[in-house]
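Structure first, then comments.
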Amino acid sequence: MIDYLSSLNEPQRLAVMHGDGPLMIIAGAGSGKTRVLTYRIAYLIENGVDPFRILSLTFTNKAAGEMRHRIERVIGTEARNIWMGTFHSVFAKILRIEAKAIGYTSNFSIYDTDDSKSLIRSIVREMGLDDKVYRANNVFSRISGAKNRLIGPDDYLNNPIIQADDAAARMPEVGRIYKQYSLRCFQANAMDFDDLLFNTNVLFRDHLDILHKYQHKFQHVLVDEFQDTNVSQYLITRKLAAVHQNICIVGDDAQSIYAFRGANIENILNFQRDYGKENVKVIKLEQNYRSTKTIVQAANSIISRNRSQLEKHVFTDNEEGPLIDIIKASSDNEEGRLIATSLFEIKMQEGLKNTDFAILYRTNAQSRAFEEALRKLSIKYRIIGGTSFYQRKEIKDLLAYLRFTVNQSDEEAFKRIINLPKRGIGDTTVAKIAVLAAEKQVPIWEIVSNVTKHVAGRAGIAIEGFADLIKSFKLMLEKKDAYDVASHIAKASGILKELYEDKTVEGLARYENVQELLNAIKEFVDNPENDDKSLSSFLQSVSLLTTADEDDKDGDNDKVTLMTIHAAKGLEFRNVFIVGMEEDLFPSQMMLESRADLEEERRLFYVAITRAEKRLTMSYAETRYHYGRLKVCEPSRFLMEVDQRYLKMARMRMSDSTTQEREVPSGGSMSFVRSLAQKTAKSQSPQPAVAHIPSADFAPSDTSGLAPGMRVEHMKFGFGTVKLVDQNGTDRKAIIQFETAGEKTLLLSFAKLRIVE
DNA sequence: GCGCAAGACGTTTTT
DNA sequence: CGTCTTGCGC
């Protein structure tokens, strides 16, 4: 009956059949870890473990769904009872159940990144701070980083290292913003993504009875993609596994690509320390079943350049396979055409389907050229990630109505809809209400529902009307399901009407999108797997969708997949194109600018390569449009780092260029620098020239060009002030240097600065 | 408070 | 090149 065991190799079988106690599976790319995890859970259930008592944490909800179905095929419908999902969705569910213990109610809102940033923007304004200094992006990432390390606002303020760091970054008030931000989230009965994990930790820390309940409930805890968990997540798993000690982690340090959001490879090391090295069973899965020898070895040649890694040797018995093709294109658009043509040829020659192909890129913005080229060849494609359906304005607007109906404390939802459609309530009034609520420490609704006490005149009456509208929506919540409430709200709020009256193409599309959202809610309600059909439950599931979770709306499934490399984690395709292999793009400009080593970028490259089963193609363009300007690109250093034996390429060369120089007065703004360079280029060369000024060279990471004690101050992306100072603080001159490469457009936002004595 | 026009500013990667 | 903010007349 357990015939699935026979299809496994020795280490895989050991991992599946491991009994009690901590288990760490180091699984190389393509080594069948999903199978192992699936079968292990099936095996546990067959051996008497109650599915209700298994907690399995995956990286996407889709992965959880697929795994659930695979387990179902082995052991039957019992698989439905396994606790399975992403960290965020599983613990959001638990927080919903236990909300009261930490002062929330179970219908709390989940703030997405936009909500968080908008709240931070308001707070910065209210505190009278400069929003150019305290950029929402920056502040948010600091707060997020702190939360991921389980540092609360008070800890943050009391930590001298963090305070010194903030002071050095000239943002000493971040701690106070953080404190206010947390307070406001709490008052809004809202949690951001990080709070879902942070508050779970708080819940387990402060309420031992609740912790004990879950500790005893979960007899087995399994964590996939362990290399991408952060401290906050790790501690949750550690607490949950503390009683039974049955924790199984699966990961690959070589595929850790989420350090930027707090993932900590050291969790793998901590794991052995925390459970005792002698207690932890370690199993390595090193045989790759996915890719050709060429692909596996090329990937190995990349990752071997990284210093920090666990000892592991990934190999394969698969065929040799074709060499990796390198395609050089003259522009980003040509890159699109060449890839699309190549894809089409391979598809015809080998008789493949569109689903056999994936195009992977470093940033979402790169998809455009490939979309156009594929469309021209009538090749169907789908894009994963990017501006997703749920990020569209009209969708967020309706969702905000739904959120506010469920949770009248939700400040961000309130701000979004209070004047939508227009009812004569301006920013001033909105800010006033938000501040009033914050000062009195009461929910927004408290002010809104008694608005005439606080706001006089026309605005007050308008808000009163709004409050009555929301009250009428609220009444529906108890009796009706999510779909009935939502479709009523769409009509009664006037959102649908406003879009319907907009007869432009975009207006029509927006109207259809809203209908599409209503359809999605209908589907949610009709799905027998969802036991809770309330609006609140729908909103929760929607906010925690991962990019991979979004389904195609049309029924056609044979499509080429376009996505970022990050989104491709865990997936595999027969043929893979890795595009945009250019210095500044991959490895990314940001990584080159910060003095960080490129190890994470290299791991990302490793992940990209190992998605391919049979055939791999890489491409780069010599020029690329960026902010509407043409930029000259150089081939990525990563292309040189691959063992050249596995590549089939046109000889790579740097683009021909000559260098021009111009003096820049210190303290001048970049727009001045820009116009100066523009003038220079035009007057000095008969044809207008391209100025290639890689922004990586903006801050001379190579300090050899600098006299001792000198430094160049600048703004990223070529905006702001250029300033060159010596150790006495005296201004000195700097040179802007740019190359001409015989093209027509000037690219001036990427300036290379050099020092003049 | 609204709407339009000119101007500023920006791109990793994601739950 | 887009998108979002700001400034001004109404």
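In the text below, chain A, chain B and the rest are named by the order of the sequence lines, each starting its count at 1.
- Residue contacts shown for A:Ser543 are absent, as no nucleic acid heavy atom lies under 4.0 Å away.
- In this structure, A:Tyr258 and A:Ala459 both approach DNA chain B, and ranking their closest nucleotides by distance from the 5' end singles out A:Ala459.
- Taking every side-chain heavy atom of A:Arg135 into account, B:dC9 is the closest of B:dT15, B:dC9, B:dT11.
- C:dC4 and B:dT13 are spaced 16 Å apart, taking the P atom of each and rounding to whole Å.
- The separation between A:Asp114 atom CG and B:dT14 atom P is 14 Å, rounded to whole Å.
- Classification of the A:Phe605-A:Phe638 ring pair by plane angle, with boundaries at 30° and 60°, yields parallel.
- Rounded to a whole angstrom, the distance from the P atom of C:dT6 to that of B:dT11 is 16 Å.
- The separation between A:Lys117 atom NZ and C:dT3 atom P is 16 Å, rounded to whole Å.
- Between the CD atom of A:Gln391 and the C1' atom of C:dG2 there is a distance of 16 Å, given to the nearest Å.
- A:Leu545 has its CG atom 9 Å from the P atom of B:dT15, to the nearest Å.
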If you restrict it to nitrogen or oxygen atoms, what contacts under 3.5 Å exist between nucleotides 5-10 of chain C and the protein, and what is each distance?
none

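- With sequence neighbours left out, A:Glu412 forms a side-chain hydrogen bond (donor to acceptor under 3.5 Å, both in side chains) with A:Ser118, A:Lys415.
- Aromatic stacking is marked for A:Phe260 over B:dT13, as both cut-offs hold: 5.5 Å for the centres and 30° for the planes.
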Apply salt bridge (charged side-chain N to carboxylate O under 4.0 Å, His left out) to the pair A:Arg603 and A:Glu600, showing each step before the final yes or no. CA-CA 5 Å; A:Arg603 288 194 293 269; A:Glu600 180 156 323; 3.7 Å; yes

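- If you measure from atom CG of A:Asp224 to atom C1' of B:dT15, you get 15 Å, rounded to the nearest angstrom.
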Report the C-alpha distance between A:Leu585 and A:Tyr361 in whole Å, list the side-chain angles of each, state the deciding distance to 0.1 Å, and finish with yes or no for side chain to side chain contact (heavy atoms under 4.5 Å, CB included). CA-CA 9 Å; A:Leu585 194 55; A:Tyr361 35 75; over 6 Å; no

List, with names and distances, any nitrogen or oxygen atoms from the protein found under 3.5 Å away from nitrogen or oxygen atoms belonging to nucleotides 2-4 of chain B.
from  : atom 1 : to       : atom 2 : distance (Å)
B:dC2 : OP1    : A:Gly424 : N      : 3.2
B:dC2 : OP2    : A:Asn419 : ND2    : 3.2

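- Between the A:Ser116 side chain and the A:Asp112 main chain, a donor and an acceptor come within less than 3.5 Å of each other.
- Look at A:Asn364 and you'll find a side-chain N or O under 4.0 angstrom from OP1 or OP2 of B:dT13.
- In this structure, A:Tyr181 and A:Phe140 have perpendicular ring planes: the angle between them is above 60°, well past the 30° mark.
- For the pair A:Glu641 (side chain) and A:Ile302 (backbone), a donor-acceptor distance under 3.5 Å is absent.
- At least one side-chain nitrogen or oxygen of A:Thr564 sits closer than 4.0 Å to the OP1 or OP2 atom of B:dT14.
- A:Thr428 comes within contact range of the sugar-phosphate backbone alone, with a heavy-atom separation under 4.0 Å but no base atom that close.
- Straight-line distance from the CD atom of A:Glu582 to the C1' atom of B:dT11: 14 Å, rounded to whole Å.
- Judged by distance alone, the side chains of A:Ser331 and A:Glu334 never bring a donor and an acceptor atom under 3.5 Å apart.
- Summarising the geometry, the separation between CZ on A:Phe193 and P on B:dT14 is reported as 12 Å, rounded to the nearest angstrom.
- A:Arg403 and A:Asn107 form no side-chain donor-acceptor contact under 3.5 Å, judged by distance and modelled atom types alone.
- When the C1' atom of B:dT15 is taken as reference, atom CZ of A:Phe198 falls 17 Å away, rounded to whole Å.
- Checked against B:dT14, B:dT11, B:dT15, the side chain of A:Ala567 finds its nearest nucleotide in B:dT14.
- The aromatic rings of A:Phe108 and A:Tyr104 stand perpendicular to each other, their planes meeting at an angle above 60°, with 30° marking the opposite boundary.
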